[in-house]
There are 2 protein chains.
Amino acid sequence: MDWRRVPSLSALRAFETAARLTSYSAAARELNVTHAAIAQHVRKLEDHFGLSLMQREGQTMQPTADGARLSRSLTKAFGQIAEASEDLIVRDADHPLRIATTPSFAEYWLMPRIGGFWASHPDIRIEIAPSGDLVDLRADGFDLAIRYGRGNWPGLNAERLESAGHIVVAAPSVVGKDYVGCMSDLGDQHWLITGTSTEERVWLKENGLDLSKCRVTQMDVTALSLQAVRAGHGITIVPRAVAMGDIESGTLVALCEEIDSDVGYHILTRPDRVSPQLKTFISWLRKQRKTP
Amino acid sequence: MDWRRVPSLSALRAFETAARLTSYSAAARELNVTHAAIAQHVRKLEDHFGLSLMQREGQTMQPTADGARLSRSLTKAFGQIAEASEDLIVRDADHPLRIATTPSFAEYWLMPRIGGFWASHPDIRIEIAPSGDLVDLRADGFDLAIRYGRGNWPGLNAERLESAGHIVVAAPSVVGKDYVGCMSDLGDQHWLITGTSTEERVWLKENGLDLSKCRVTQMDVTALSLQAVRAGHGITIVPRAVAMGDIESGTLVALCEEIDSDVGYHILTRPDRVSPQLKTFISWLRKQRKTP
DNA sequence: CTCATATGTAAGCTCAGCTAACAGGTGTAA
DNA sequence: TTACACCTGTTAGCTGAGCTTACATATGAG
């Protein structure tokens, strides 16, 4: 292998990331460097090959035909390197199980229960990565993800953990402990919303409430909207599992609940990555859905 | 892609080379660094993964099972990167044609003729890499190789350029201009040999001469043995094409010649790498074999 | 045993990769 | 049209990852 004819691996990595994300800034964020480093690497590659690899299109950078050609191969090769690296980490019997999950699920469902797992399996280490981002189990090196949705995740094994239709909740001080009403009565309330998807808006609308006609405050994280709602500042809509603890303790009241919804939390695993520790964790998860 | 979980690409490259070559020294030579750099990179990877990747076996380093697993993937991935890089260099229409050939062929066959190519194709640049090493057309980025042998090169297109059985030559001052004799008469001569393969020794023996019983001086490069022979210091055995110029001019005399040999020089190309310039060069090569 | 060749380790050097700062470009909303 | 948010382009300077040097030890062959 004649490495003299291959440009810097760092430069190739920077280029691949920029081409994949069509943005130097995004590439810089993924690689934890400044955009200037990315720009310099791409420029260096263009000088090396005597070809243009990226071109500006408005506020994005698109690969040229030559650039696309190169980046396809690089994405494959670097993906292979990342996977090989991951596979070896897995072979270290002491590596912690890496779990990807949403911050709200981690906080309200998993954390209240995890003590039981630690008590019965003190030898198995867990690393929970709460993130609103959609992670790539393979490339990002996760053993398992818990995702909210309907169950269509190509290439992964999915097992339903818990139904979790939407639920609208408020503090008792806002609506009283024995609230009885319908959705359209809530039009005057102050809605504290976290990243509502189209799906939630459709459900609200089907039940007589148009969110665009209400007073809405956007929050970055579910934990923030929940705290504000607990304090009586307004109402919110969340997956049922997230609010169950509060409802049971009386901190929050369920105003409206989605019945027989097919959305829920699922356990996602890779077919090619199974370990005794992972199986033990999945077993434990299954047991949790039988204890409300 | 979570690059935080992937170790240094430089370290991975050093490891892959060491595992492939089963030697830190050889890896150091391929990468043009010291063995200490290789050793440190491998050590760093072992610390990162918490696994042993290489183990000492006498004066070699063999990959462990884990190491072999990783290096297989890396060899593929880095090979892909090298190829993608190469492909892009080729797309630069101005890149010179890279020709791999033995130093003696380059010197005695190609250089005396190349002026004709330059005269008729001044726009096509040529880069000739004379080397005794066996090159990998793909990984080392060559457009064409001229190799001496019988024509069995898997994965490459081979076309015979010229028959070139072995020939034993000497200066006229040593044996006279009109030498008539047989091989076994040459036992007393001083043989100046360049890396004789088993094949040459077998041929000499079939014709009555055991080289191990002669006075032999080993030379590193054919050019050196030929100069010594021209100066009358001894005799040598070379491929016919290499000595033809000298024989025709009378500088050297052919003592014994291999008849109807199936060894020769072949034009080797990659099926996946064809350019108009390359085709032009091959056409020119074909024409040269018709002009003695 | 000697010698050639190999790997192992630690300390110090240096330049490839990076940052900070400045500049200019693009898109959107008022 | 202006203001602003977000984007890429370029240059000069900094620094630690990658490397070398030096010393030590191990292995194999004659």
Side-chain angles (χ1 to χ4, degrees), chain A residues 1 3-49 51-64 67 71 74 78 81 85 218 220, chain B residues 1 3-49 51-64 67 71 74 78 81 85 218 220:
Chain A
M1 221 172 286
W3 285 103
R4 287 167 303 179
R5 288 174 69 84
V6 182
S8 147
L9 291 173
S10 293
L12 291 172
R13 177 173 58 190
F15 163 73
E16 185 274 331
T17 309
R20 175 162 42 87
L21 301 177
T22 64
S23 158
Y24 286 1
S25 302
R29 283 192 292 274
E30 176 165 312
L31 297 179
N32 283 297
V33 295
T34 61
H35 82 273
I38 306 293
Q40 284 180 22
H41 279 312
V42 172
R43 175 71 178 280
K44 203 189 307 176
L45 285 186
E46 287 178 330
D47 291 345
H48 177 92
F49 291 119
L51 296 169
S52 166
L53 299 176
M54 300 285 277
Q55 60 203 357
R56 187 132 184 206
E57 281 184 27
Q59 288 201 3
T60 70
M61 298 295 291
Q62 299 291 336
T64 60
S71 78
L74 292 178
F78 285 131
I81 290 172
S85 182
Q218 203 77 20
D220 277 356
Chain B
M1 220 171 285
W3 283 103
R4 287 167 301 180
R5 290 173 67 83
V6 181
S8 148
L9 291 174
S10 293
L12 291 172
R13 176 172 58 189
F15 163 72
E16 184 275 330
T17 309
R20 175 161 43 86
L21 300 178
T22 63
S23 159
Y24 287 179
S25 300
R29 282 191 293 272
E30 178 166 307
L31 296 178
N32 284 297
V33 296
T34 61
H35 82 274
I38 306 292
Q40 285 181 19
H41 279 312
V42 172
R43 175 72 178 279
K44 201 190 306 176
L45 285 187
E46 288 179 330
D47 290 344
H48 177 94
F49 291 119
L51 296 168
S52 166
L53 298 176
M54 300 286 277
Q55 59 201 357
R56 189 137 186 200
E57 283 186 25
Q59 290 203 0
T60 71
M61 297 296 292
Q62 300 290 336
T64 61
S71 78
L74 293 178
F78 285 131
I81 290 173
S85 182
Q218 201 78 20
D220 276 355

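Scope of the values below: all heavy atoms of this structure, side chains included, with no hydrogens, waters or symmetry mates. Bear in mind the structure is a predicted one, so any value in this text is a computation, not a measurement. Residue numbering restarts at 1 for every chain, and letters A, B, ... go by the order of the sequence lines.
Both geometric conditions, a ring-centre gap below 5.5 Å and a plane tilt below 30°, are not fulfilled together for A:H35 over the base of D:dC7.
The B:S23 side chain lies nearest to C:dA6 when the options are C:dA6, C:dG17, D:dG9. Out of D:dC7, D:dG18, C:dC18, the shortest distance to the side chain of B:S8 is found at D:dG18. With D:dC19, C:dT7, D:dT8 as the candidates, the nucleotide lying closest to the side chain of B:S25 is C:dT7. With distances taken from any side-chain atom of B:R56 to the nucleotides D:dT27, D:dC19, D:dT21, the minimum falls on D:dT27.
Whole-Å rounding puts the A:L53 CG to D:dT8 P distance at 16 Å. Remark: C1' of D:dA26 and CE of B:M61 are 12 Å apart, rounded to the nearest angstrom. Rounding to whole angstrom units, CG of residue B:D47 and C1' of C:dG8 are separated by 14 Å. Whole-Å rounding puts the A:I38 CD1 to D:dT8 P distance at 10 Å. Rounded to an integer number of Å, the gap from B:R43 CZ to D:dA17 P is 17 Å. The nearest whole Å value for the distance from the CD atom in B:Q59 to the P atom in D:dA26 is 13 Å. Whole-Å rounding puts the B:L21 CG to C:dT5 P distance at 18 Å. Distance B:Q40 CD to D:dA22 P: 15 Å, rounded to the nearest Å.
Checking side-chain atoms of A:S71 against main-chain N and O of A:A19 turns up no donor-acceptor pair under 3.5 Å.
Closest-nucleotide positions on DNA chain C for A:A36 and A:E57 were compared, and the one nearer the 5' end corresponds to A:A36. Heavy-atom distances to DNA chain C give each of B:R29 and A:A37 a nearest nucleotide, and the one nearer the 5′ end belongs to B:R29.
Here A:K44 reaches the OP1 or OP2 of C:dG17: one of its side-chain N or O atoms lies under 4.0 Å away. The phosphate of D:dG9 (OP1 or OP2) has a side-chain N or O of A:Y24 nearer than 4.0 angstrom.
An angle of 40°, rounded to 10°, separates the two end axes of the helix from C:dC1-D:dG30 to C:dA30-D:dT1, each defined over five pairs.
When the shell of 6.0 Å around CZ of B:R43 is examined, it contains 12 or fewer heavy atoms from other residues, nucleotides or ligands.
B:T60 comes within 4.0 angstrom of nothing in the nucleic acid, heavy atoms only. Residue A:T34 is classed as a base contact, given a heavy-atom separation below 4.0 Å to a base.
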